[in-house]
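Counting starts at 1 for both ligands and their atoms, following the listed order.
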Amino acid sequence: MLGITKARGAVLIDEEGREYIDAIASWYTAMYGHCNPDITGPVANQMSQLDQVIFSGLTHEPAIALSEALMKVLPSNQEKLFFSDNGSTAVEIGIKMALQYFYNKGQKRNVMLAFEDGFHGDTFGAMSVSGLSSYNGPFEDHFIQVERIEVPTENNVDKILSGLKTRLQQENIAGFVYEPLVQGAAAMKMHKPEHLNRILELLKSHSVLTIADEVMTGFGKTGSYFASDQLSIKPDIICLSKALTAGLLPMAITSCSKEIYDAFYDDEIAKGFFHGHTYTANPLACTAALSALNLLQTEAMQNNISRITSRHQQFNETIKNHPKVSETRQIGVIFALDLKIEMSRYGTLRDRLYDHFMENGVFLRPLGKTIYILPPYVISDAQLDKVYKAVSGALDLDL
Ligand SMILES: *Cc1c(COP(=O)(O)O)cnc(C)c1O
């Protein structure tokens with residue numbers, strides 16, 4: 001375990017003073033750079049004004065300002081925001097909204113639908129809709145009811161749709177949880193918007209609620225503010241966290257359409273949505289999120305996103321035909337390559353790659369045979385070159 005004592009911009013600094021480029025932005029959070037004064041400054045000011053207050057019956061300016069700013073950039077059908085603390089909980093809330101939506105309407109819909117290989121977090125609902133994995137084994141008996149469909153490709157999309165059509169006749173699926181366009185933990189597996197659109201369209205025509213988990217994809221990483229912006233079918237519910245607060249403080253938001261909200265708005269108290277956490281809409285976290293959102297909307301940050309996107313494309317040209325590369329893929333600032341590697345060489349692959357990157361001053365976390373880059377938007381061209389060089393260099397190792 002390596003002790004990190006400092007972080008600045010795109011760089012992590014360890015206790016010996018060694019520097020590493022944070023080429024995955026500390027799990028896709030610190031997109032505007034570590035300790036960015038445009039974020040830490042307002043948060044420090046807020047800290048001396050109002051640190052924390054109950055968000056029930058009381059409200060505060062940072063939450064109001066953040067809500068107003070976020071509503072302007074979210075897909076236009078999103079009208080209400082629900083605050084919580086982390087990505088798993090944002091998904092948990094999305095699932096609870098979908099299940100209670102039908103409960104309130106007196107319809108028995110108690111099954112959730114999800115993609116195979118998805119990752120939605122570590123709480124029970126989020127684990128349930130995630131792909132089956134050995135980590136979840138001990139808890140499977142306690143999962144909510146979930147059915148899974150394959151991630152669409154050119155070859156299987158018609159089969160998925162015809163299977164779904166039959167399945168939907170039972171009319172008991174409440175909602176579909178999906179990572180739009182990129183499945184992060186499944187090693188940045190990507191699918192096409194036109195294929196996802198067809199699935200969402202079919203589900204909507206059967207009144208299944210669509211829940212976009214944009215915890216990873218949100219806030220510019222796919223080249224648009226949200227991956228859902230690239231889809232013609234907009235989700236009913238969106239889950240946000242990670243880059244929401246730029247890596248400063250934990251917070252999450254689940255947004256929903258007016259139609260969802262209205263199903264909970266009733267004189268009958270039991271129809272309300274009862275879910276509240278102690279630190280809901282903490283003023284410091286809201287200030288961090290608002291500052292981050294302001295930065296994302298600057299021309300400089302949008303130019304950074306375009307710059308990284310085209311530099312990834314150039315890098316891809318130099319590497320995609322390498323004999324040790326089986327596939328490359330990219331969307332926005334997310335770039336991934338799969339190594340062509342024999343199963344027998346798999347065992348210590350991750351450690352050998354990780355050590356190679358660290359020796360070259362680059363922090364990357366290979367997933368299986370996939371190396372992916374998801375750098376902070378503020379990474380410089382010289383720093384990007386160093387990351388690309390380390391990735392190319394990995395192909396020269398005896399893997
Ligand atoms: C990280 C992640 C989560 C879980 O978020 P936590 O804050 O770690 O609970 C959920 N969904 C996706 C797509 C994620 O990338």
Would S88 count as being in polar contact with ligand 1, using the rule that some N or O on each side must be under 3.5 angstrom apart? yes

Under 4.0 Å between heavy atoms, the region of N86 that gets near ligand 1 turns out to be both

- Residues, nucleotides or ligands: over 12 heavy atoms within 6.0 Å of L397 CG: yes

Numbered in order shown, the ligand 1 atoms found under 4.0 Å of a heavy atom of F119 are 2 (C), 3 (C), 11 (N), 12 (C), 13 (C)

Run the ring-centre check on F115 versus F176 and record whether the distance is less than 6.0 Å. yes

Are H277 and F83 near enough that their ring centres are under 6.0 Å apart? no

Taking only non-hydrogen atoms of D213 and a 4.0 Å limit, the atoms of ligand 1 in range are 10 (C), 11 (N), 12 (C), 13 (C)

(message) Run F219 and M31 through side-chain contact (heavy atoms from CB on, under 4.5 Å) and show every step you take.
(response) CA-CA 9 Å; F219 303 102; M31 300 309 292; over 6 Å; no

| field | Any N/O pair K242/ligand 1 closer than 3.5 Å | value | yes

The atoms of ligand 1 lying under 4.0 Å from a heavy atom of H120, numbered in the order shown, are 10 (C), 11 (N)

Next item on the list: Kindly say whether Q78 contributes a backbone atom to a donor-acceptor pair with the side chain of S257 at under 3.5 angstrom?
Entry: no

min-distance protein heavy atom vs atom 5 (O) of ligand 1 -> G87 CA, 3.2 Å

Q) Quick check: does V215 get an N/O under 3.5 Å from an N/O on ligand 1? A) no

Discussion item. I'd like to know if the side chain of S130 and the backbone of H120 have a donor-acceptor N/O pair within less than 3.5 Å.
Written reply: yes

For E179, the ligand 1 atoms with a heavy-atom partner under 4.0 Å come out as 13 (C)

Discussion item. Would you call the rings of F335 and H312 parallel, tilted or perpendicular, taking 30° and 60° as the class edges?
Written reply: tilted

